[in-house]
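Each ligand, and each atom within it, is numbered from 1 in the order the structure gives.
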Amino acid sequence: MAERVAVVSGAARGIGAAVAKRLAADGLAVGVLDLDAAHCADTVQAITEAGGKAVALGADVSNEDSVAAAVGELAGSLGAPTVVVNNAGILRDNLLFKMSVDDWDAVMGVHLRGAFLMTRAVQKYMVEAKWGRVVNLSSTSALGNRGQANYSAAKAGMQGFTKTVAIELGKFGVTANAIAPGFIVTDMTAATAARVGVDFEDFQKATAAQIPVQRVGRPEDIAHTASFLVSEGAGFVSGQVIYVAGGPTN
Ligand SMILES: NC(=O)c1ccc[n+]([C@@H]2O[C@H](COP(=O)([O-])OP(=O)(O)OC[C@H]3O[C@@H](n4cnc5c(N)ncnc54)[C@H](O)[C@@H]3O)[C@@H](O)[C@H]2O)c1
C-alpha cells in the first residue's frame, strides 16, 4: 500500500505535536502545520530523527488562501493528503457579560472555520483516493463550561460538523470522528492555570482528584486515540465522538 500522507494543524506543540509524531511512527508522512512554519521545527526534527517523514507548513487555518496554499504545498512535497487532524485551537475565556465580539469570532474562526477550510481543502484528495480519515478535536467543554460560551459552542459545533462530514463522505471510503479530551497537560491548560492565578502543579493535582482514573491527561493519550481512528482497521467507525477524559462525562 502507498504511504499515506496526513496533515495535523496546530502541531508545533501540545496535542498536535504528539499526534503528528504518533502518526509518523505509525508510518504516515506528516505535514506539521502551525501559524509559523519555524515553530514546527521541533516536531519535524523529532519525526525525522526517529526515521519518519515530515514537512513544516506555516498557515492560519482560519484563512482560506493560507489553508489552500499550505495543503497545495504538502501535496507537492510529501504527496496528496488523505488524513486531516483538525487540532489547531485557541482560548478566549470570559464570562458571557464580559465576552467581546472579538473573543467570540476568534474562537469560532480557528476551531470551526479552520476545521471547515482544512477539511474542504483535503477532501478532494480523499475522494480521489477513495479513502480518507478526518479527526476533529472537540472537548468535554462541548457539554458546557463556565467562562467558555465561545469555546463550548465551537467544540459542540465540531461534533455536528464531524457527523455531517461522515455522512457526506462515507461513500468515498472516508471516516470522520471527533475526539473530545478532558484535561490534558499542555500550554493551553498551563495558560488557564496562570489566568486564574493557580500554580500549574496544584491545578493538575486538584483536577486529577476529580477524575475517575485519578490522573490528568497527556498529549499522548489523545495521540493514541487519533492513531486508532486513522488506522486502516477503523474504517467502520465513523461519525463518533470519543471522550478521552479518564472517566465518563455527563
Ligand atoms: N489541553 C486540553 O486540556 C484540551 C482539552 C480539550 C480539547 N483541547 C483541544 O485540543 C487542541 C489542541 O490543544 P492544546 O492543548 O495542544 O493547545 P496548545 O495551545 O498547546 O496548542 C495549540 C496550537 O494551535 C496553534 N494555532 C492556534 N491558532 C492557529 C491558527 N489560526 N492556525 C494554525 N495553528 C493555530 C497554536 O500556535 C498552537 O501551536 C485544541 O483544539 C484544543 O481546543 C485541548
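Of all atoms in ligand 1, listed by their number and element, those nearer than 4.0 Å to a heavy atom of Phe183 are 3 (O). In summary, the atoms of ligand 1 found under 4.0 Å from a heavy atom of Gly14, numbered by their order in the structure, are 16 (O). Those atoms of ligand 1 that come under 4.0 Å of a heavy atom in Asp60, given as number and element, are 30 (C), 31 (N), 32 (N). Heavy-atom proximity to Ala59, at under 4.0 Å, picks out these atoms of ligand 1: 32 (N), 33 (C).
Not one N or O on the side chain of Ser139 forms a donor-acceptor pair closer than 3.5 Å with the backbone of Ala142. Using modelled atom types, no side-chain atom of Thr175 and backbone atom of Arg133 make a donor-acceptor pair closer than 3.5 Å. When atom types are taken as modelled, the side chain of Ser227 and the backbone of Ala223 share no donor-acceptor pair closer than 3.5 angstrom. Using modelled atom types, no side-chain atom of Asn87 and backbone atom of Leu137 make a donor-acceptor pair closer than 3.5 Å. Side-chain atoms of Thr162 do not come within 3.5 Å of backbone N or O of Gly239 as any donor-acceptor pair. Checking side-chain atoms of Asn177 against main-chain N and O of Val237 turns up a donor-acceptor pair under 3.5 Å. Panel note: side chain Ser66, backbone Asp60; a donor-acceptor pair is recorded below 3.5 Å. Using modelled atom types, no side-chain atom of Ser62 and backbone atom of Gly109 make a donor-acceptor pair closer than 3.5 Å.
Distances between N or O atoms of Ser138 and those of ligand 1 include no value under 3.5 Å. Between Ile90 and ligand 1, no pair of N/O atoms sits closer than 3.5 Å. For Asp34, a nitrogen or oxygen atom sits less than 3.5 Å from a nitrogen or oxygen atom of ligand 1, counting backbone and side chain alike. For the pair Thr140 and ligand 1, the shortest N or O to N or O distance does not fall below 3.5 Å. The shortest N/O to N/O separation between Ser139 and ligand 1 does not fall below 3.5 Å. Considering backbone and side-chain atoms together, Ile15 places an N or O closer than 3.5 Å to an N or O of ligand 1. When only interatomic distances are considered, the shortest N/O to N/O separation between Val61 and ligand 1 falls below 3.5 Å.
Of the protein's non-hydrogen atoms, the one nearest atom 15 (O) of ligand 1 is Thr186 OG1, 2.5 Å. Remark: minimum distance from atom 42 (C) of ligand 1 to any protein heavy atom is reached at Tyr151 OH, 3.4 Å. Counting only heavy atoms of the protein, atom 24 (O) of ligand 1 lies nearest to Gly10 CA, 3.4 Å. If you check which protein heavy atom lies closest to atom 3 (O) of ligand 1, you get Ile184 N, 2.8 Å. For atom 5 (C) of ligand 1, the nearest non-hydrogen atom of the protein is Gly182 O, 3.1 Å. Nearest protein heavy-atom contact of atom 40 (C) of ligand 1 is Asn87 O, 3.1 Å. Of the protein's non-hydrogen atoms, Arg13 NE, 3.0 Å is the one closest to atom 20 (O) of ligand 1. In terms of protein heavy-atom proximity, atom 22 (C) of ligand 1 is nearest to Gly89 O, 3.7 Å.
At a heavy-atom distance under 4.0 Å, atoms from both the backbone and the side chain of Leu35 approach ligand 1. If you look at His111 next to ligand 1, the close heavy atoms, those under 4.0 Å, all belong to the side chain.
Between the side chains of Asp26 and Ser231, not a single donor N or O lies within less than 3.5 Å of an accepting N or O.
Shortest non-hydrogen contact noted between Leu112 and Met158 is CD2-N, 3.7 Å. The nearest pair of heavy atoms linking Val8 to Gly16 is CG1-O, 3.6 Å. Considering every non-hydrogen atom in both Ala70 and Ala59, the closest pair reads CB-CB, 3.7 Å.
Looking at Lys155, Gln159, His111 one by one, the single match for side-chain hydrogen bond (donor to acceptor under 3.5 Å, both in side chains) with Ser138 turns out to be Gln159.
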